[in-house]
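First the structure, in the form of structure tokens, and then the observations on it.
Computed from a prediction, not measured in an experiment: that's the story for all the values here.
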Amino acid sequence: PERGRASLFPPALRAGDSVGSRNSTRKRMLYRRSAPCVSGKDRLTMLKSYAFTNPTKIVFGNSEINRLPQLMRELGGTRPLIVTDPGIAATGLLEKICLILENAGLPALTYDRVHADPDTQNIEEIHETAEAGKCDLIIGVGGGSSLDAAKGVSLLGTNQGRLQDFGGLNKVKKKGLPLIAIPTTAGTGSEVTSFIVLSDLEAGIKFTISSDLIVPDIALLDPEITLT
């Protein structure tokens, strides 16, 4: 091969080699690096310090939606509110989840009018539904909008004030109500993030709430509910 370029074949496997030559080359390095060599000292200076926190329990597998009652009980919830959007409700998935919970003795309240781009008024309305029903656990079902709305409702369940008061970094004072996130898309990753993106219609702006205290407790990933 050209100098400085890696061969498509390791030296031990080049066409035309005899068995003996292949065996003898096994003691040599099999792969030739195309990148320039970097000294040990330089490698150390290239390393970046970072911290990684992932407090969400991830439950994955086909038909794992049927474990929802068990997961609820792990979090101490008995009176759930399911937060979703009209599209999910129309597929029959909301009805299926309600039936799973009802059969386990855990009847749920539902809110299926999350906006495609959730705003503070929308989430405050859902919060009022949760308070009226004395809900002690929130279940978000859907894409990023529904999951962000569920995070906002969880937050308001334990923190006094308006959502706008928590805009920015680490302004949330208390962990929210127990929260289970059930994504139906593979895109936003909201089921494991510490962010909520909201619109303030009165001010005409979008803002973000960022805090480890709003990360979902459990992300329930069931590939079967993503099928169309």
Worksheet item: Within the side chain of T158, is there an N or O that forms a donor-acceptor pair under 3.5 Å with the backbone of K175?
Response: yes

Discussion item. Suppose clustering is done on Ile, Leu, Val, Met, Phe, Trp and Tyr with side-chain heavy atoms closer than 4.5 Å. Which residues sit in the same group as L106?
Written reply: V59, I65, L68, L71, M72, L75, I82, I88, L93, L94, I97, I100, L101, L137, I139, V141, I180, I182, I218, L220, I225

Item to complete: Looking only at non-hydrogen atoms, find the nearest pair between S146 and G142 and report the distance.
Response: CB-CA, 4.1 Å

Worksheet item: Does the side chain of E125 come within less than 4.5 Å of Q121's, by heavy atoms?
Response: no

Worksheet item: So, does N159 use its side chain to make a donor-acceptor pair with the main chain of K174 at under 3.5 Å?
Response: yes

Practice prompt. For residues P223 and T226, report the shortest heavy-atom separation together with the two atoms involved.
Written response: O-OG1, 2.7 Å

Fill in: R162 vs T120 side-chain heavy atoms within contact, under 4.5 Å
no

Practice prompt. Sort and list the pairs that fulfil salt bridge (Lys or Arg N to Asp or Glu O under 4.0 Å) and have at least one residue in residues 50-63, not counting sequence neighbours.
Written response: K57-E74

Discussion item. Once salt bridge (Lys or Arg N to Asp or Glu O under 4.0 Å) is applied, do any residues pair with E224, and if so which ones, sequence neighbours excluded?
Written reply: none

Worksheet item: Going by atom types only, do S63 and D222 share a side-chain donor-acceptor pair under 3.5 Å?
Response: no

Fill in: Whichever hydrophobic residues join F195 through chains of side-chain contacts under 4.5 Å
none

Worksheet entry | Hydrophobic cluster (4.5 angstrom, side-chain heavy atoms) - remaining members for V172 | L81, V83, L109, Y111, V114, I123, I126, I138, V153, L155, L156, L163, F166, L177, L179, I196, L198, F207, I209, L213, I214

Worksheet item: Excluding sequence neighbours, so at least two apart, what forms salt bridge (Lys or Arg N to Asp or Glu O under 4.0 Å) with K173?
Response: none

Worksheet entry | Pairing residues for R73 by the side-chain hydrogen bond (donor to acceptor under 3.5 Å, both in side chains) criterion, not counting sequence neighbours | none

Worksheet item: With a 4.5 Å heavy-atom cut-off, do S145 and D117 have their side chains touching?
Response: no

Worksheet item: Rounded to the nearest 0.5 Å, what separation is found between the OG atom of S210 and the CG atom of L169?
Response: 5.0 Å

Worksheet item: Counting N and O atoms only, with roles assigned by atom type, does the side chain of R79 sit under 3.5 Å from a partner on the main chain of G133, one being a donor and the other an acceptor?
Response: yes

Discussion item. Regarding D112 and T84, do their side chains bring together a donor and an acceptor under 3.5 Å, going by distance alone?
Written reply: no

Discussion item. Quick check: closest heavy atoms across L221 and P183, and the distance to 0.1 Å?
Written reply: CD2-CG, 3.3 Å

Worksheet item: With sequence neighbours excluded, what pairs up with E124 under the salt bridge (Lys or Arg N to Asp or Glu O under 4.0 Å) test?
Response: none

Worksheet item: Would you find more than 12 non-hydrogen atoms of other residues, nucleotides or ligands less than 6.0 Å from Q160 atom CD?
Response: no

Item to complete: Return the set of residues passing salt bridge (Lys or Arg N to Asp or Glu O under 4.0 Å) with D119 (not counting sequence neighbours), or none when no residue passes.
Response: none

Fill in: Results of side chain to side chain contact (heavy atoms under 4.5 Å, CB included) for E102 - residues two or more places apart only
none

Response to the item:
Rounded to the nearest 0.5 Å, the OG1 atom of T184 sits from the CD atom of E191 at a distance of 10.0 Å

Worksheet, complete the sentence: For V192 and A219, the nearest pair of non-hydrogen atoms, with its separation, is CG1-CB, 4.1 Å

Response to the item:
Across all chains, not counting sequence neighbours, the side chain to side chain contact (heavy atoms under 4.5 Å, CB included) partners of V215 are P55, T56, S194

Worksheet item: So, does K96 use its side chain to make a donor-acceptor pair with the main chain of G92 at under 3.5 Å?
Response: no

Worksheet item: What heavy-atom pair brings L147 and A181 nearest, and what distance separates the two atoms?
Response: CD2-CB, 4.1 Å

Response to the item:
Sequence neighbours excluded, the answer for side chain to side chain contact (heavy atoms under 4.5 Å, CB included) partners of I205 is D200, A203

Discussion item. Between K151 and T193, do the side chains contain a donor N or O and an acceptor N or O under 3.5 Å apart?
Written reply: yes

